[in-house]
There are 2 protein chains.
Amino acid sequence: MGVTIKQIAELAGVSRGTVDRAIHGRGDVNPETKEKIERVMRETGYRPNAVAKALKAAQNPVTLDVLVPSSPFYADLLRGVRAAEEFYAHYGVRLRVAERFELNGASQAAMLRKLSEEHTDGIIMAALDVPAVREAVSCAAEKVPVITCNSDLTGVKRLCFVGQDHFAAGRASGTLMGKMLPQGGEVAVVPGSRDMLAHMQRAAGFRQALQEQGEYELLLDVRETGESDKRAYEVVKELLDSRKNLAGICMTGGGQAGAGAALADSGRAGEIRLACYDTLPGTVEHIKNGTADYTIAQDPFLQGCLPVKLMYEYLALGKEPGRERIFTRIDIRVKDNVEDQEYDMFTGEDR
Amino acid sequence: MGVTIKQIAELAGVSRGTVDRAIHGRGDVNPETKEKIERVMRETGYRPNAVAKALKAAQNPVTLDVLVPSSPFYADLLRGVRAAEEFYAHYGVRLRVAERFELNGASQAAMLRKLSEEHTDGIIMAALDVPAVREAVSCAAEKVPVITCNSDLTGVKRLCFVGQDHFAAGRASGTLMGKMLPQGGEVAVVPGSRDMLAHMQRAAGFRQALQEQGEYELLLDVRETGESDKRAYEVVKELLDSRKNLAGICMTGGGQAGAGAALADSGRAGEIRLACYDTLPGTVEHIKNGTADYTIAQDPFLQGCLPVKLMYEYLALGKEPGRERIFTRIDIRVKDNVEDQEYDMFTGEDR
DNA sequence: TTGAAAGCGGTACCAT
DNA sequence: ATGGTACCGCTTTCAA
C-alpha cells in the first residue's frame with residue numbers, strides 16, 4: 001500500500017506520536033530526532049493517508065456558511081453545493097445555506113454582519129462587487145477564510161475565487177459568431193447590466209474576437225435588459241425593427257429568454273444569429289428549438305461544490321488552494337448537447 | 001455528524017457486530033432482532049460512513065489491470081488513470097497498467113489470455129471491437145468485472161462503458177457546420193477508418209444534423225485516412241484539387257493534423273470550414289492558428305479515472321454503476337478554449 | 001522531550 | 001445467534 005506513520009516510527013526508532021509532532025511542528029521535538037525522522041520520511045517517500053486523516057478530522061466538525069442568492073440563476077450552483085454537502089457529511093463539514101440571500105448590496109452586507117455574531121469557520125459566497133459588500137467581506141475575511149464563487153470581489157483578501165474567465169468566454173462567443181457570419185455584417189451586443197463586471201467582460205471579449213475576424217459593424221449602444229425578460233423582449237424587438245440588416249445578436253446576460261422570444265416573433269429566427277450565456281431553462285428552450293444558435297455555460301455545478309472542497313482542505317487538512325483564481329470551463333453548447341448531463345464524481349449522479 | 005453503527009446498536013440493544021451482520025446479511029441474525037435493527041436504522045436515517053468504510057477496505061487491496069494502448073491518442077485518458085491511481089492509492093487499489101498494449105486484435109486477445117494466468121480483480125480496457133477480442137473479453141468477464149472505456153465492445157457482458165456518444169457528437173459537429181455554412185454547399189466527410197464504429201457513428205450523426213439544416217451536397221466516398229497524417233494530407237489535397245466548390249470538411253478521426261496541413265498549404269484555410277474531433281496536439285495547433293474551426297473532445301481524462309472509481313466502488317463497496325453506459329461530455333472547442341485546463345476534483349491539479 | 005493509549009466508524013474473527 | 005475485541009492510519013491527550 002504505502003508507508004505509514006507507524007513504519008516511519010519503527011524505522012526511526014521513536015513512537016508514532018513523536019513522528020506526528022515532527023511532521024506538523026507541534027510540541028517540542030529534539031532537533032536530532034526530527035532530522036532522523038525527516039530523513040526516513042524522505043527515503044521511504046511517505047505520503048500521508050488522506051482517508052485516515054479525514055476519519056480523524058471528522059471529530060472536529062466545521063461549519064461553513066454559504067451565501068448564494070436563491071434565484072433560478074444559481075440553481076445549478078446550489079445543486080453543486082448540495083452534492084458537496086452530502087459528500088462531505090462524513091468529513092465533519094456542516095453547511096449552513098442562507099435562505100433568502102439576495103442579490104442586493106445592502107442586504108448582503110447586513111447578512112454578513114449578522115453572520116459575524118454567530119460562529120462560522122468559513123464563508124462561501126456569490127457576492128455583488130459593490131463597496132458595501134466589499135467592506136463587509138473584508139472585515140469578515142480578517143477572521144475566517146472566504147471563498148467567492150461565480151462572481152468575484154475586487155480588492156478583497158479572499159482565499160480563492162471559483163468561476164469563469166468571462167473575457168475568454170466572450171472571446172469564444174465572438175469567434176463562433178465570426179465563423180457563422182463570414183461575410184461580416186451588423187452585430188448587436190445587448191447588455192444585461194452595465195454594473196455587472198461579468199457582462200462587460202463578456203462584451204469586451206466578444207468584440208475583440210469578432211473584430212479579429214473581419215469587418216463587422218458593432219452596435220454597442222443598446223439599452224440594458226437588466227434581469228427582465230420583458231425588458232429584453234422590448235429591447236430586442238426595437239433592435240429588430242430598426243436594423244433591417246442585423247446579422248447577429250450577442251446577449252451578455254439577463255433576459256435571454258425574452259430576447260429569444262422577440263427574435264422568434266419577428267420571424268427572422270435562423271436568419272439572424274443569437275448567442276447566449278449560461279443554461280437557464282428559457283435559454284435552453286431557445287437553443288433546442290433553433291431560435292438561439294449557441295450558449296456558453298460555465299459549469300455552475302463545479303462553482304458550487306469546489307469551494308466546499310477547497311474550504312474543507314484548507315480548514316481540516318491545512319492545504320491552501322493552489323491558485324487564487326480557479327476558472328471553470330468555457331462550455332459551448334448547441335442544440336445537440338445543451339441538455340446533456342454529466343457524471344458527477346461526488347455523488348455518482350447526473351448533474 | 002451522523003448516526004453510527006454504534007448508536008444503532010445501543011438503540012436496538014444489541015452489539016455492533018450484530019448490526020453489521022443484519023445490514024449485510026452475512027451470518028445468522030434472529031429475524032426479530034433484524035426487524036428491530038432495521039426499524040431503528042430507518043427511524044434514525046442511518047447512512048454508512050464512506051470514509052470509515054474506505055479505511056477498513058484498504059486492508060483488502062485489489063489489483064486492477066488497465067489495458068489501454070499507449071499511443072498519443074490515449075495520453076489524456078492515461079493521465080486520468082494515473083490521477084485515479086494516485087487518489088486511490090490509500091484505498092487499497094493497485095493498478096497494473098499494461099505497457100505496450102497495442103491497438104490490434106490478435107495482440108489484445110493474447111494479452112487478455114496471458115492476464116488470466118495471473119491474478120486480477122478487475123479489468124479496465126479500451127478495446128478493439130473485433131471477434132477475437134470480444135471472445136477473449138467474454139471469457140475474462142466470466143471471472144472478473146470488466147469496464148470498457150473510450151471504445152465499447154458489442155455483445156460482451158462488461159460491467160459498464162465510459163465514453164462518448166459518438167453519434168450525438170457527430171450531430172453537434174453537423175449543427176455547427178450548418179450554422180457556419182448557412183448558404184449550403186459541398187461538404188466532405190473524410191473517414192478515418194470504416195472499421196472503427198466511432199468514426200462511422202460520428203459521420204452518421206454529422207450527416208443527419210447537417211441535412212436537417214439545408215441543402216448540402218455531401219461527399220461521402222472519400223478515401224480513408226487511417227491513422228496516418230501523410231495519408232490524410234494526400235486525401236485532403238486530392239479533395240481540394242478536385243472540388244473547387246468545397247465549402248466544408250468533417251474529419252471523423254485519424255490524421256487530422258495532416259488534413260489541416262493540406263488545407264493550410266492550399267491557401268484556402270479560413271475559406272473552407274474544417275471540423276475535427278479530439279485534442280491531439282496537431283489538431284490543437286490547427287485550431288489555434290485558425291486552419292481548423294472547431295474540434296469536439298470527449299473528456300478523455302474522465303474516461304481514464306472514472307472506470308477506476310467505478311471498479312473500486314464495485315469491488316470494495318459492492319456498489320454497481322448506476323448505468324450500463326456512462327457518456328462523457330460533448331466538449332466543443334474553438335481557438336479560445338482549446339487549450340484550457342480544467343480543475344480536477346481528484347488530484348486538485350489541472351487536467 | 002518522548003511514549004503509551006484511546007478513539008474516529010466499520011468490519012471480521014473468535015468466543016460464547 | 002450474539003457479544004467482545006482487534007484493527008485500518010492518524011491525531012491527541014495524559015503520563016512519564
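Residue numbers begin at 1 in each chain, while the letters A, B, ... track the order of the sequences. Since the model is a prediction, treat every value here as computed from it, not as a measurement.
One finds no salt bridge joining A:Glu349 and A:Arg82 here, because no Lys/Arg side-chain nitrogen approaches an Asp/Glu carboxylate oxygen to under 4.0 Å.
Looking at B:Lys309, its side chain does come within 3.5 Å of a backbone N or O of A:Met345 through a donor-acceptor pair. No donor-acceptor pair under 3.5 Å is formed between the side chain of B:His90 and the backbone N or O of B:Ala54.
In terms of the side-chain contact (heavy atoms from CB on, under 4.5 Å) criterion, residue partners of B:Val144 (sequence neighbours excluded) are, by chain and number, B:Thr120, B:Ile123.
B:Tyr91 has its OH atom 14 Å from the P atom of D:dG9, to the nearest Å. For the pair A:His90 NE2 and C:dG9 C1', the interatomic distance rounds to 10 Å; values are reported in whole Å. Going from atom CD of B:Glu10 over to atom P of D:dG3 covers 12 Å, rounded to whole Å. Distance A:Ile8 CD1 to D:dC10 P: 9 Å, rounded to the nearest Å. Following rounding to the nearest Å, B:Asn30 (CG) and D:dT2 (P) show an atom-to-atom distance of 5 Å. Distance B:Lys6 NZ to C:dG9 C1': 10 Å, rounded to the nearest Å. Here D:dA1 presents its C1' atom at 16 Å from NZ of B:Lys36, a figure rounded to the nearest Å. As a whole-Å value, the separation of A:Glu35 CD from C:dT1 P is 16 Å.
As judged by a 4.0 angstrom heavy-atom cut-off over every strand, A:Val14 is placed among residues touching the sugar-phosphate backbone only. Using a 4.0 Å heavy-atom distance criterion, A:Asp28 is classed as a base contact.
An OP1 or OP2 oxygen of D:dG3 is reached within less than 4.0 angstrom by a side-chain nitrogen or oxygen of B:Ser15. Distances shown here put every side-chain N or O of A:Thr33 at or beyond 4.0 Å from the OP1 or OP2 atom of C:dT1.
Place B:Gln59 and B:Lys34 on DNA chain D by their nearest nucleotides, and B:Lys34 ends up nearer the 5' end.
With hydrogens and angles left out, the side-chain atoms of B:Arg113 and B:Ser116 include no donor and acceptor closer than 3.5 Å.
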Where along nucleotides 11-16 of chain D does protein come under 4.0 Å, by heavy atom, of base (B) or sugar-phosphate alone (S), with - for untouched nucleotides? BB----
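Heavy atoms of other residues, nucleotides or ligands lying less than 6.0 angstrom from CZ of B:Arg323 number more than 12.
Taking OG1 of A:Thr279 as the reference point, atom CD of A:Gln298 lies at 8.5 Å (rounded to 0.5 Å).
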